[in-house]
Amino acid sequence: MVVNAYAAHEAKGELKPFQFELGALKHDQVDIKVLYCGVCHSDMSMLDNEWRSTVYPFVPGHEAVGEIIAVGAGVRHLKVGQKVGVGWTASSCLTCDDCMTGHHQMCNRAQPTIGGRHGGFADKVRVQATWAVPIPDGVDLKSAGPLFCGGITVFSPLMQHNISPLSHVGVVGIGGLGHMALAFLKAWGCEVTAFSTSPEKEEEARKLGAHNFVSTHDKDSLKKLRGSMDMVLDTVNVELEWGSYLGALKSKGILHIVGVAPKVTARVGHLMGKQKSITASPTGSPFQIKEMLKFAARHQLAPMTEHYEMGDINEAFEKLRNGKPRYRIVLEA
Ligand code: NAP
Ligand code: ZN
């Protein structure tokens, strides 16, 4: 099967039309006709070879939504015509301890949708059936793509850390991930504080779910929040003043990192006295994705998206590079 995609041939290169042959469908795989695919910051980090792992030609795209057009001989739970989404992971071994305990996203043999294979900025994408998660009624297909990477990445920490409606949670960085975190947390029932370098995002952040908005240019603002939060969820790709955010946590509070900053540093004294912790996580499992989709449908939550034709992919990446999307770009096939 020939796939028509967009590929870069070098780091930071222009994305150009690119065709490749997929070969025979394996018994546990499905082929999906891509309808929409979100543009995640990780696509850009991979395009730029920021993580030193990109293989060129490189087809990004790992927030794909589409219709199943073929199922492998061993696939029983999905059928042709069904609408599904695909996120960061395209396959996992299904037999290691991580897969067997429901942490498939941590499988040593998990293959990223855009790592050493081609992703969703294409007319078709092929994944292991486990990782093609059905989209329930009540979730709008057009804006669903970003849920499959950005959405699950900020939803999973709420499940992992048993966040309660009584929790006060801060979200650092109101971009693709951060804006979805605000909406999830509001529906979860928490007190929500947005931390942003962009004061102009305040009104929208409040509409999305923030009860409080903190402009991080104001250095004193974090001091005022000392000891007030149960969790700070960091979605930013650069290093922060970690000590200030740790200071904003209550006893046993958690600084949870999902943004890919180069490193995190902390004084042990900032953690020890009040038993605070720093944690981090990658995306989420198929089960967590399913739960998140049900939650989004029940609370009528959808990412705020801007839509471009797939052919305008370079314009979309340029906008993301400049920090301009409000808040997630979705390419339409
Ligand atoms: P994005 O849409 O570009 O948003 C990032 C936000 O970070 C920006 O909107 C901005 O928010 C803030 N920011 C940008 N530069 C900053 C700076 N110099 N200092 C402080 N804040 C800054 O990106 P995204 O798609 O949400 O992705 C965010 C990060 O998560 C990336 O590193 C991405 O690779 C990573 N990621 C990780 C996972 C995972 O599995 N852990 C999954 C998906 C993505 P304000 O304007 O509000 O300050
Ligand atoms: Zn992503």
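Bear in mind the structure is a predicted one, so any value in this text is a computation, not a measurement. Order of appearance sets the numbers: ligands from 1, and atoms from 1 within every ligand.
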ask   = Taking NZ, NE, NH1 and NH2 as the nitrogens, is one of them in K201 or E204 under 4.0 Å from a carboxylate oxygen of the other?
value =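 No, K201 and E204 are not salt-bridged.
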Q. Got a salt bridge between R326 and E306, using NZ or NE/NH1/NH2 to carboxylate O under 4.0 Å?
A.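 Answer for the salt bridge query: no.
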Is there any N or O on [X] that sits under 3.5 Å from an N or O of ligand 1?
X: P282; answer: no
X: S45; answer: no
X: W51; answer: no
X: L177; answer: yes
X: G173; answer: no
X: Y327; answer: no
X: L320; answer: no
X: V238; answer: no

Identity and distance of the protein heavy atom lying nearest [atom]:
atom: atom 48 (O) of ligand 1; answer: T197 OG1, 2.6 Å
atom: atom 29 (C) of ligand 1; answer: T235 O, 3.3 Å
atom: atom 22 (C) of ligand 1; answer: V236 CG1, 3.5 Å
atom: atom 44 (C) of ligand 1; answer: S42 OG, 3.3 Å
atom: atom 4 (O) of ligand 1; answer: G175 CA, 3.4 Å
atom: atom 10 (C) of ligand 1; answer: K201 NZ, 4.2 Å
atom: atom 14 (C) of ligand 1; answer: N237 OD1, 4.1 Å
atom: atom 43 (C) of ligand 1; answer: C149 SG, 3.4 Å

Test item, [X] contacting ligand 1 (heavy atom, 4.0 angstrom):
X: F213; result: no
X: Q105; result: no
X: G323; result: no

Donor-acceptor pair, side chain of [X] and main chain of [Y], under 3.5 angstrom:
X: H179; Y: M304; result: yes
X: H62; Y: V86; result: no
X: S167; Y: S164; result: yes
X: E332; Y: H307; result: no
X: R126; Y: G23; result: yes
X: T216; Y: S196; result: yes
X: D123; Y: N4; result: yes
X: N314; Y: L15; result: yes

Should you measure from each heavy atom of [X], which atoms of ligand 1 turn up under 4.0 Å away?
X: S196; result: 45 (P), 46 (O), 47 (O), 48 (O)
X: G176; result: 1 (P), 2 (O), 4 (O), 26 (O)
X: R328; result: 24 (P), 25 (O)

Practice problem: Report the part of S281 in contact with ligand 1, treating N, CA, C, O as backbone and CB onward as side chain, heavy atoms under 4.0 Å; options are side chain, backbone, both, neither. | Solution: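 Contact part for S281 vs ligand 1: backbone (N, CA, C, O).
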Between the candidates [options], which shows the shortest non-hydrogen contact distance to [atom]?
atom: atom 35 (C) of ligand 1; options: T283, V258, T216; answer: V258
atom: atom 42 (C) of ligand 1; options: I174, T89, T153; answer: T153
atom: atom 31 (C) of ligand 1; options: H41, E50, E239, R321; answer: H41

message: Could you enumerate the protein N, O or S atoms under 2.8 Å from the Zn ion (ligand 2), written like residue then atom name?
response: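 Protein N/O/S atoms under 2.8 Å of the Zn ion (ligand 2): C40 SG, H62 NE2, C149 SG.
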| task | Could you tell me whether the side chains of S285 and H103 share a donor-acceptor contact shorter than 3.5 Å? | result |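 S285 vs H103: no donor-acceptor pair found between side chains.
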Worksheet item: Do we see a donor-acceptor contact under 3.5 Å between the side chains of E191 and H211?
Response: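 H211 and E191 do not have a side-chain donor-acceptor pair below 3.5 Å.
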Quiz item: Do P60 and F317 come within less than 4.5 Å of each other through their side chains, counting heavy atoms only?
Solution: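 SC-SC contact between P60 and F317 confirmed.
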*Is V330 close to K142 at the side-chain level, that is, under 4.5 Å between some pair of heavy atoms?*
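Side-chain contact under 4.5 Å: no.
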Verify the ring-centre separation between F155 and W188: is it less than 6.0 angstrom?
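Yes, the ring of W188 comes within the 6.0 Å limit of the ring of F155, centre to centre.
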Inset, instruction - Hey, could you give me the CG/NE2 distance between L166 and H168, rounded to the nearest 0.5 Å? - result: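 Going from CG on L166 over to NE2 on H168, the span is 13.0 Å.
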### Query
If you group Ile, Leu, Val, Met, Phe, Trp and Tyr by side-chain heavy-atom gaps below 4.5 Å, do Y327 and V154 land in one group?
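Yes: a chain of side-chain contacts under 4.5 Å links Y327 to V154.
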request  = Could you label the plane-to-plane angle of the F58 and Y56 rings as parallel, tilted or perpendicular, counting under 30° as parallel and over 60° as perpendicular?
outcome  =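 Plane angle over 60°, so perpendicular.
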| field | Check against salt bridge (Lys or Arg N to Asp or Glu O under 4.0 Å), E315 and K319 | value | CA-CA 6 Å; E315 207 180 307; K319 193 163 188 185; over 6 Å; no
